[in-house]
K.L.:
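For reference, the structure I am asking about is given below.
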Amino acid sequence: MMAGNFIHDIIDDDISEGGRHFGLRVHTRFPPEPNGYLHIGHAKAIYIDFGTAKKYGGLCNLRMDDTNPSKEKTTYVEAIKEDVKWLGYDWDDRFYYASDFFEDMYLFAEELIQKDLAFVCEQTAEEVRLSRGTLTQPGTPSPWRDRDPAESLDLFRRMRAGEFPDGSITLRAKIDMSSGNMNMRDPVIYRIMRATHHRTGDDWLIYPMYDFAHPIEDAMEHITHSLCTIEFEDHRPLYDWVIENCSVPSNPRQIEFAPLGINYTVMSKRKLRVMVEEGIVDGWDDPRLPTLCGMRRRGYTPEAIIKFNQRNGVSKVPSTVEFDFLEFCVREDLNERATRVMGVLDPIKLTIENYPEDMTETFIVDNHPQYPDQGSHEISFSRHLWIERDDFMEEPARKYFRLYPGNEVRLRAAYIVRCTGCKKDEDGNITEVLAEYIPESKGGVAPDGQKVKGTIHWVNRKDCLNAEVHLYDKLFNVEDPDSEGAEYKDLINSESLIVVPEAKLESAIQELESPSGFQFMRLGYFKEDSKLSTPDKPVFNRVVTLRDTYKP
RNA sequence: UGGGAUGUAGCCAAGUGGUAAGGCACGGGACUUUGACUCCCGCAUGCGAAGGUUCAAAUCCUUCCAUCCCAGCCA
């Protein structure tokens, strides 16, 4: 359940006796434009729109805001639906397009003309811009502002009929050219655009502008609360003007909240698009991107994303949440669900010198240390193992309690071993770590209660699985890529993707079912890549590392 | 004297006249067959600033300061 917030305070007033929506069921909508993929900022809006409806036992519609055919594609529609569903929300049969209401909008526009509240303007785009005035100076009225409504009506009908070229004339609301709010300076509400619409095809030559269309869409769907981001705050007077002056069937209220920002990344569709189109990343679903498809591919769970939004809260304060917090939320969720396996990313040989060459044993590893009911799996052990390169130090650092000559360490679930040294090549590089196992410590149990501080992970060289592993890090190396003076493309973290071509994984991973991915013990959470992984060449993405509090 | 918003800890954020919740981060400690998880402890004499009202102010009033958004025939 959503925690209370300022939006709910307003709704509480609206639905109580004497309120604007007294007696009505709370009804919201999520209205993306189908011109790109959804990102985690949209997930916040989805959470607020659907979550608010749910809290009040109301309804939330999914609506494609498709009033600009030059930018919209039907492929995005399906992707958006998939992402919303993935987050766990359902719109039942209430799926709409703004274009469902094109005829209604057209009629409301005629109504405005007849009320002398709109007029056909013959100024060019440039003239409109120049006569709009500036932030501190009022605009000057269009010379066509006072033309006879009957003439505007005739012209408007001929606009629809296709008698005028694209961009030649517009329909404008007649409001106030000297308003301090630029949106009220006789905004254009219809333009001529010969573009094939993804749904209505070539039926229409004129298309409504957002400010005119959106309140009508909301009213036609009987939305009670139209929740959007802060940037639309100064559009609200125009929203209200449309609702008030068109004979729409309901009285929706627009409420604005702060959009989500996360540091070390960018959220704007435009910037994401550039990175995709210039090949800086591997498509819209690149696991480093904050797109929902990217995060899904990376291995984020929808539950973690919802929790993240839940805990961030809803306010009007411009906010940039720390990336750390997102990572905290995924770790918390994956810690509950992920099956534990062992995998070695940077392998070095470990040879158990006193373990027979031809012997193999099998040990049992729990799938989850806290939840025995999640079962266990087998792992094989032999004289020749792989371990993590940094689990051995010839000269141990302070408080290092992994392998170093003379030290005892537990090979998780197998045996305690004592490190006896290492082998090096002629350049002095360590090529192999040597140890002796303690037969009485079978299963990893320390005999005589001896303390073994370090436990490390390992795999059997004989039967481990080779896999490619992608290690991801922050996409940008600065906190706020948007505000840096430099071109944001130059701020990309060159180590945001590190490919490990041949990691060694325990073979059981091929049989284990774990829909939310795996924890590679002591390393992090990993998810098989849905796009690149094949049976012959598995590819795993690192979702997030484990927290690591080791400080030498 | 353009309009609209926003200021509570490093980051989110509760608080609605009764004496600053919570989470993340950070620092300590316990536990541990993952240096994970879990569990304890610490972390704003202070709420953008200054005045004022009040027994009492983050909350009310006044003035000031800072930051963000708006001049698409985009959404």
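Proteins get letters first, then strands, A, B, ... in listed order; numbering begins at 1 in each.
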K.L.:
Rounding to an integer number of angstrom, what distance separates B/C69 and B/C64 when you compare their C1' atoms?
P.N.:
22 Å

K.L.:
May I ask you to check if A/Arg160 and A/Tyr106 form a cation-pi contact, with NZ or CZ under 6.0 angstrom from the six-membered ring centre and within 45° of the axis?
P.N.:
yes

K.L.:
Check the distance between B/A36's C1' and A/Met521's CE and give it to me in whole angstrom.
P.N.:
11 Å

K.L.:
Pairing check on B/A57: which nucleotide meets the Watson-Crick or G-U wobble criteria with it, both distances under 3.5 Å?
P.N.:
none

K.L.:
Could you check whether A/Arg331 gets within reach of a base, just the sugar-phosphate, or nothing at all, counting any heavy atom under 4.0 Å?
P.N.:
nothing

K.L.:
Please check if any side-chain donor atom of A/Ser99 sits under 3.5 Å from a side-chain acceptor atom of A/Arg199, or the reverse.
P.N.:
yes

K.L.:
Taking NZ, NE, NH1 and NH2 as the nitrogens, is one of them in A/Glu361 or A/Lys442 under 4.0 Å from a carboxylate oxygen of the other?
P.N.:
yes

K.L.:
Please check if any side-chain donor atom of A/Ser226 sits under 3.5 Å from a side-chain acceptor atom of A/Arg29, or the reverse.
P.N.:
yes

K.L.:
State whether A/Glu436 and A/Arg418 are salt-bridged, where the test is any N-O pair (Lys NZ or Arg NE/NH1/NH2 against Asp/Glu carboxylate O) under 4.0 Å.
P.N.:
no

K.L.:
In whole angstrom, give me the gap between the C1' atoms of B/U45 and B/A58.
P.N.:
14 Å

K.L.:
Need the pair for B/U62. Rule: Watson-Crick or G-U wobble, both distances under 3.5 Å, any strand; none if unpaired.
P.N.:
B/A50

K.L.:
Ignoring hydrogens and geometry beyond distance, is the side chain of A/Gln519 in donor-acceptor contact with the base of B/U34 at under 3.5 Å?
P.N.:
yes

K.L.:
Look at all strands and tell whether A/Val314 reaches a base, only sugar-phosphate, or nothing, counting heavy atoms closer than 4.0 Å.
P.N.:
sugar-phosphate

K.L.:
Write down the distance between CD (A/Glu322) and C1' (B/A13), rounded to a whole number of angstrom.
P.N.:
13 Å

K.L.:
Nearest-Å distance, CD (A/Gln370) to C1' (B/C31)?
P.N.:
12 Å

K.L.:
For B/A71, give the paired nucleotide (Watson-Crick: N1-N3 plus N6-O4 or O6-N4; G-U: N1-O2 and O6-N3; both under 3.5 Å), or none.
P.N.:
none

K.L.:
Rounded to whole angstrom, note down the P distance from B/A57 over to B/G17.
P.N.:
14 Å

K.L.:
Does B/G72 adopt a syn or an anti glycosidic conformation, taking syn as a chi angle within 90° of 0?
P.N.:
syn

K.L.:
Just the rounded figure in Å: distance from P of B/C11 to CG of A/Asn309.
P.N.:
20 Å

K.L.:
Is a donor-acceptor pair below 3.5 Å formed from side chain A/Gln137 to base B/G2, judging by atom type as modelled?
P.N.:
no

K.L.:
When rounded to the nearest Å, what value does the distance between P atoms of B/G23 and B/C40 take?
P.N.:
10 Å

K.L.:
Nearest to the side chain of A/Arg402, heavy atoms from C-beta on, is which of B/U34, B/U16, B/G35?
P.N.:
B/G35

K.L.:
Taking CG from A/Leu523 and P from B/U34, how many angstroms apart are they, rounded to a whole number?
P.N.:
14 Å

K.L.:
Answer with base, sugar-phosphate or nothing: what part of the nucleic acid does A/Glu256 contact at a heavy-atom distance below 4.0 Å?
P.N.:
nothing

K.L.:
Can you tell me if the side-chain N/O atoms of A/Thr549 get under 4.0 Å from OP1 or OP2 in B/A36?
P.N.:
yes

K.L.:
Verify whether one side chain among A/Ser179 and A/Asn181 offers a donor that lies under 3.5 Å from an acceptor in the other.
P.N.:
no

K.L.:
Using distance alone, with no hydrogens and no angle criterion, decide if A/Tyr525 and A/Gln519 have a side-chain donor and acceptor under 3.5 Å apart.
P.N.:
yes

K.L.:
With a 3.5 Å cut-off and heavy atoms only, can you find an N or O donor on one side and an acceptor on the other between the side chain of A/Glu233 and the base of B/C69?
P.N.:
no

K.L.:
For A/Arg547 and A/Ser319, find the nucleotide of RNA chain B closest to each by heavy atoms; which residue's nucleotide sits nearer the 5' end?
P.N.:
A/Ser319

K.L.:
Ignoring backbone atoms, establish whether A/Ser315 has a side-chain N or O less than 4.0 Å from OP1 or OP2 of B/A13.
P.N.:
yes

K.L.:
Just the rounded figure in Å: distance from C1' of B/G3 to CD1 of A/Ile175.
P.N.:
14 Å

K.L.:
In whole Å, measure the gap between the P atoms of B/C26 and B/U59 for me.
P.N.:
33 Å

K.L.:
Find the partner of B/U1: check Watson-Crick (N1-N3 plus N6-O4 or O6-N4) and G-U wobble (N1-O2, O6-N3) distances, both under 3.5 Å, and reply none if neither fits.
P.N.:
none

K.L.:
B/U38 and B/A44: how far apart are their C1' atoms, nearest whole angstrom?
P.N.:
28 Å

K.L.:
Roughly how many Å apart are B/A71 and B/U54, using the C1' atom of each and rounding to a whole number?
P.N.:
46 Å

K.L.:
Is there a donor in the side chain of A/Thr124 and an acceptor in the side chain of A/Glu126, or the other way round, less than 3.5 Å apart?
P.N.:
no

K.L.:
Indicate for each nucleotide in nucleotides 70-75 of chain B, in 5' to 3' sequence, whether protein heavy atoms under 4.0 Å reach the base (B), only the sugar-phosphate (S), or nothing (-).
P.N.:
BBSBSB

K.L.:
Checking base pairs now: Watson-Crick or wobble, both atom distances under 3.5 Å. What partners B/A9?
P.N.:
none

K.L.:
Across the strands shown, which category fits A/Val452 at heavy-atom distances under 4.0 angstrom: base, sugar-phosphate, nothing?
P.N.:
nothing

K.L.:
With a non-hydrogen cut-off below 4.0 angstrom, is A/Tyr400 in contact with a base, only sugar-phosphate, or nothing?
P.N.:
base

K.L.:
Any idea which of B/A5, B/U16, B/C24 is nearest the A/Arg236 side chain?
P.N.:
B/A5

K.L.:
Sticking with atom C1', work out how far B/U53 lies from B/C60, rounded to a whole angstrom.
P.N.:
8 Å

K.L.:
Are A/Arg172 and A/Tyr190 in a cation-pi contact, defined as NZ or CZ under 6.0 Å from the six-membered ring centre and within 45° of the axis?
P.N.:
no

K.L.:
Using Watson-Crick or G-U wobble geometry with both distances below 3.5 Å, tell me the partner of B/G42, or none.
P.N.:
B/C26

K.L.:
Answer yes if the side chains of A/Tyr371 and A/Glu336 hold a donor-acceptor pair under 3.5 Å, and no otherwise.
P.N.:
yes

K.L.:
Which one is paired to B/C31, where only Watson-Crick or G-U wobble pairs with both distances under 3.5 angstrom count?
P.N.:
none

K.L.:
Using a 4.0 Å heavy-atom cut-off across all strands, classify A/Pro237 as base, sugar-phosphate, or nothing.
P.N.:
nothing

